[in-house]
Amino acid sequence: MATLKTNTLTGTTTAGSIAVTGEGNSTTTNLQQGLTKAWVNLNGTGTAAISDSFNISGLTDDGTGSYTVSFTNDMVNALYSTAHAGGQRTVTWGIYLGLSGGPNATGSHGFHNVSPSDTLTDSAFIFLQFCGDLA
């Protein structure tokens, strides 16, 4: 088995474009396009705080169940995709669906954390991932 060690990968045709052959050897995925561009794990109860993150520079608590995260490096446009989950560690575990607190912005993302009963709620565990193009 060969081992490849490098600090930088550069495409031969386009510097930031590297194709990876997928399963079955019949399709390719652009490596740069397939990466998560930002993610955050946060505690939204009490004084809301980021537990861990990548490409997230800050968190604003906009009120009960309403938050805004700011990106360290902006997205190229507001057409990025977001995955969101949240919940409480109580007698029962719940997965709450996130609804956008407003339109996406290139430098930040506002969102609401909504309980199964459709009310805004703070959660101890909130997770977001962002996919799209960086500016």
Side-chain angles (χ1 to χ4, degrees):
M1 172 179 241
T3 300
L4 172 67
K5 293 183 180 184
T6 184
N7 290 324
T8 305
L9 293 174
T10 303
T12 56
T13 306
T14 305
S17 182
I18 297 173
V20 178
T21 302
E23 300 81 352
N25 298 321
S26 61
T27 60
T28 59
T29 299
N30 182 298
L31 180 61
Q32 182 179 10
Q33 287 286 309
L35 298 174
T36 297
K37 301 305 177 15
W39 59 263
V40 64
N41 174 328
L42 65 95
N43 180 342
T45 61
T47 301
I50 294 172
S51 302
D52 200 2
S53 68
F54 172 73
N55 195 28
I56 300 293
S57 61
L59 167 68
T60 303
D61 187 340
D62 299 319
T64 301
S66 185
Y67 310 90
T68 300
V69 292
S70 299
F71 301 123
T72 303
N73 299 294
D74 290 356
M75 304 300 273
V76 73
N77 58 41
L79 302 176
Y80 53 86
S81 174
T82 304
H84 168 235
Q88 300 287 16
R89 189 174 299 219
T90 57
V91 175
T92 59
W93 172 260
I95 298 296
Y96 303 160
L97 300 176
L99 302 175
S100 176
N104 289 347
T106 58
S108 63
H109 179 75
F111 66 97
H112 292 155
N113 196 63
V114 182
S115 73
S117 62
D118 202 27
T119 58
L120 292 177
T121 186
D122 290 341
S123 291
F125 305 96
I126 299 174
F127 316 103
L128 293 108
Q129 294 180 3
F130 303 91
C131 296
D133 297 327
L134 292 177

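- Asp122 and Thr45 are not linked by any side-chain donor-acceptor pair at a separation below 3.5 angstrom, with hydrogens and angles left out of the test.
- Within the 4.5 Å cutoff, side-chain heavy atoms of Leu59 are placed close to those of Leu42.
- The closest side-chain donor-acceptor pair between Asn113 and His84 falls under 3.5 angstrom.
- In summary, the aromatic rings of Tyr80 and Phe71 are positioned with their centroids under 6.0 Å apart.
- Contact annotation: the side chain of Leu134 never approaches that of Val76 to less than 4.5 Å [non-hydrogen atoms, C-beta and beyond].
- Taking the side chain as every heavy atom from C-beta outward, Phe130 and Val69 approach each other to under 4.5 Å.
- Contact record, Ile50 with Gly58: CD1-C, 4.0 Å, taken as the closest heavy-atom pair.
- Put simply, CE on Met75 and NE2 on His109 are 10.5 Å apart, with the number rounded to the nearest 0.5 Å.
- Between the side chain of Asn55 and the main chain of Asn73, a donor-acceptor pair closer than 3.5 Å is present.
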Thr82/Leu128 under side-chain contact (heavy atoms from CB on, under 4.5 Å): CA gap, chis, key distance, verdict: CA-CA 7 Å; Thr82 304; Leu128 293 108; 3.9 Å; yes
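- No donor-acceptor contact under 3.5 angstrom links the side chains of Asn41 and Asp52, judged on distance only.
- In terms of heavy-atom proximity, Leu120 sits nearest to Gly65 at CD2-O, 3.9 Å.
- Remark: side-chain polar atoms of Tyr67 are not paired, donor with acceptor, to backbone N or O of Gly110 under 3.5 angstrom.
- Contact of the Phe111 side chain with the Ile126 side chain is registered, since non-hydrogen atoms from C-beta on lie closer than 4.5 Å.
- For the pair Lys37 (side chain) and Gly132 (backbone), a donor-acceptor distance under 3.5 Å is present.
- The OG atom of Ser108 sits 8.5 Å away from the CG atom of Asp74 when rounded to the nearest 0.5 Å.
- Put simply, the side chain of Thr6 gets close to the backbone of Thr8: a donor and an acceptor are under 3.5 Å apart.
- The line from CG of Leu79 to OG1 of Thr106 is 11.0 Å long, rounded to the nearest 0.5 Å.
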